[in-house]
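Read through the structure below, which is laid out as structure tokens, and then see the notes.
Hydrogens, waters and symmetry mates play no part in the numbers below; they use all other heavy atoms, side chains included.
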Amino acid sequence: MSLFADAAFIARKDVAFLLRQRETILWVFLMPPLFFYFIGTVTGGLADPAGSEERPDPLALEAPVEAGFLVDEIVRRLEQENFRVERPATAEELAEYRRRLVVAPPPAGYASPTAAVLAGHPAELTFHRRGEGPAADFDRVRVARAVYTVLADLVVLTVEEGGPGPEGFARLAAMPRALALEVEPAGRREEPPSGFAQAIPGTMVMFTMLVLLTSGAILLVVEREQGLLRRLASTPISAGSVVLGKWGARMALAVVQLAFAMALGSLLFGMDWGESLPMVFALLLGWAAFNASLAIFLGNAARTEAQTAGVGVLSTMVLAALGGCWWPIEVAPDWMQRLATVLPTGWAMGAMHKLVNFGYPPPVALPHLAALLLAALALGIAGARTFRYQ
């Protein structure tokens with residue numbers, strides 16, 4: 001048999017064996033979707049702090065039952081800011097909301113906060129929001145904008161004939177605006193991705209490395225300990241075919257994992273892979289090749305299963321954190337951003353962000369892809385030279 005035919009035979013047997021293992025099934029097919037969902041959901045507010053037209057942000061309104069038309073007008077403005085305003089019936093239900101707007105009761109002698117304001121008494125509104133960060137700041141901006149636009153219209157109606165009332169607010173709302181402000185990005189989107197846009201590529205990159213540096217590398221150690229590699233040494237199959245076949249099996253496992261994750265991300269989570277999909281495929285193949293070579297090298301260098309698992313897990317966690325798999329590297333300190341440029345996870349995630357999230361053309365990812373392929377080649381050569389049957 002030829003070099004490549006022998007290697008293909010070994011690769012088919014190895015990848016079939018790996019895909020039958022419970023650990024591989026768990027970490028290739030079951031855990032990534034869970035990470036997609038939980039990490040993407042938790043960080044989703046950063047990706048789109050204003051929410052979306054399909055998913056307005058719930059906001060609990062705590063106000064007197066008879067609050068008057070001014071509070072009704074504030075509710076309408078809040079809904080324009082993409083809040084879903086709700087009035088919980090009990091204190092327990094109210095406490096479940098992350099966002100709460102409290103309208104203080106009117107002073108004694110007034111039927112509603114609106115009546116008190118029209119009589120010249122100030123109204124107290126308090127916005128409570130659990131959690132901090134950019135999303136919380138933007139919530140406060142939206143609430144303030146809703147309240148102050150009502151205040152501005154109230155000032156206008158106060159000096160008009162007839163005074164303020166629901167009809168006056170409706171008339172102002174129907175009037176054409178003399179000035180209109182339209183805001184759109186002046187070029188490519190550059191804000192850091194979050195939500196599923198960050199969680200899905202980051203989880204794919206991390207789990208590919210995790211699976212290949214544990215299951216992929218450990219299998220090589222087990223085969224050496226059990227004498228399976230020594231049996232191969234007694235066959236006409238050359239050492240080069242063995243190494244190439246072992247590499248091909250791990251490459252195939254990574255491709256299966258990445259293809260499954262991409263399909264799942266698109267179908268279940270609506271992931272948009274951008275307009276440079278062929279380059280995204282090429283980049284992920286480069287990432288798979290790098291990890292396949294690294295798995296062979298680790299499987300040769302490690303002496304025991306425990307040692308292989310420890311090094312594989314620790315290396316994956318450190319590289320994932322420093323390379324931008326857990327959070328957008330763009331929000332990290334400058335030293336971490338510089339460090340990511342020399343890490344393989346940083347090469348993969350940096351290119352994914354540029355292609356998928358920032359809308360850059362395919363050639364911008366060529367340096368990242370070249371770095372991954374060169375590293376894969378170097379590690380592959382090192383893995384071939386350090387390969388041993390026992």
Looking at every heavy atom in both [X] and [Y], which two are closest together, and how far apart are they?
{"X": "Gln257", "Y": "Trp27", "value": "NE2-O, 3.8 Å"}
{"X": "Ile25", "Y": "Leu19", "value": "CG1-O, 3.6 Å"}
{"X": "Leu3", "Y": "Ser238", "value": "CD1-OG, 4.0 Å"}
{"X": "Gly323", "Y": "Ala340", "value": "CA-CB, 4.4 Å"}
{"X": "Phe83", "Y": "Arg99", "value": "CE2-CD, 3.7 Å"}
{"X": "Ala302", "Y": "Thr308", "value": "CB-OG1, 3.0 Å"}

Check whether any side-chain heavy atom of [X] lies under 4.5 Å from a side-chain heavy atom of [Y], and answer yes or no.
{"X": "Asn300", "Y": "Leu220", "result": "yes"}
{"X": "Phe36", "Y": "Met31", "result": "no"}
{"X": "Glu330", "Y": "Pro193", "result": "yes"}
{"X": "Val103", "Y": "Glu62", "result": "no"}
{"X": "Arg129", "Y": "Val143", "result": "no"}
{"X": "Leu59", "Y": "Leu78", "result": "yes"}
{"X": "Thr126", "Y": "Leu101", "result": "no"}
{"X": "Ile296", "Y": "Arg250", "result": "yes"}

Give a yes or no on whether [X] and [Y] share a hydrophobic cluster (residues Ile, Leu, Val, Met, Phe, Trp, Tyr; joining criterion: side-chain heavy atoms under 4.5 Å apart).
{"X": "Tyr148", "Y": "Val150", "value": "no"}
{"X": "Val85", "Y": "Val141", "value": "no"}
{"X": "Phe297", "Y": "Val222", "value": "no"}
{"X": "Phe69", "Y": "Tyr110", "value": "no"}
{"X": "Ile218", "Y": "Leu213", "value": "no"}

(request) I would like to know whether Leu154 and Phe169 meet side-chain contact (heavy atoms from CB on, under 4.5 Å); could you show each step before the answer? (result) CA-CA 8 Å; Leu154 177 62; Phe169 278 100; 4.3 Å; yes
Mind checking the [atom1]-[atom2] spacing from [X] to [Y]? Nearest 0.5 Å is all I need.
{"X": "Leu298", "Y": "Asn291", "atom1": "CG", "atom2": "CG", "answer": "11.0 Å"}
{"X": "Glu223", "Y": "Gln390", "atom1": "CD", "atom2": "CD", "answer": "14.5 Å"}
{"X": "Cys325", "Y": "Leu210", "atom1": "SG", "atom2": "CG", "answer": "11.0 Å"}

Practice item. Any side-chain hydrogen bond (donor to acceptor under 3.5 Å, both in side chains) involving residues 204-218? Give me the pairs, sequence neighbours left out, ordered by first then second residue. Key: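 Passing the test, one end in residues 204-218: no pairs.
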- Query: Going by the side-chain hydrogen bond (donor to acceptor under 3.5 Å, both in side chains) test, which pairs reach into residues 332-346, not counting sequence neighbours?
  - Reply: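 Matches after skipping sequence neighbours: none remain.
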State plainly whether the residues [X] and [Y] are in salt-bridge range, i.e. N to O under 4.0 Å.
{"X": "Arg77", "Y": "Glu73", "result": "yes"}
{"X": "Arg98", "Y": "Asp57", "result": "no"}
{"X": "Glu79", "Y": "Arg76", "result": "no"}

Checklist line | Any donor-acceptor pair under 3.5 Å from Thr149 side chain to Ala146 backbone | finding: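 At least one qualifying donor-acceptor pair exists.
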What's the verdict on side-chain contact (heavy atoms from CB on, under 4.5 Å) for Met352 and Leu283, showing C-alpha distance, side-chain angles and the deciding distance? CA-CA 8 Å; Met352 290 291 283; Leu283 179 73; 3.7 Å; yes
Discussion item. Glu23 vs Val211, test: side-chain contact (heavy atoms from CB on, under 4.5 Å). Steps then yes/no.
Written reply: CA-CA 9 Å; Glu23 297 83 359; Val211 170; over 6 Å; no
Mind checking whether Phe269 and Phe196 have parallel, tilted or perpendicular rings, split at 30° and 60°?
-> tilted
Once you measure the plane-to-plane angle for Tyr389 and Phe387, does it fall in the parallel (<30°), tilted (30-60°) or perpendicular (>60°) bin?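 Because their plane-to-plane angle is over 60°, the rings of Tyr389 and Phe387 count as perpendicular.
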- Please assess Val15 against Met251 for the test side-chain contact (heavy atoms from CB on, under 4.5 Å), listing each intermediate value before the final yes or no. CA-CA 9 Å; Val15 75; Met251 179 72 179; over 6 Å; no
Given the options Arg140, Arg145, Arg142, Glu81 meets salt bridge (charged side-chain N to carboxylate O under 4.0 Å, His left out) only with Arg145
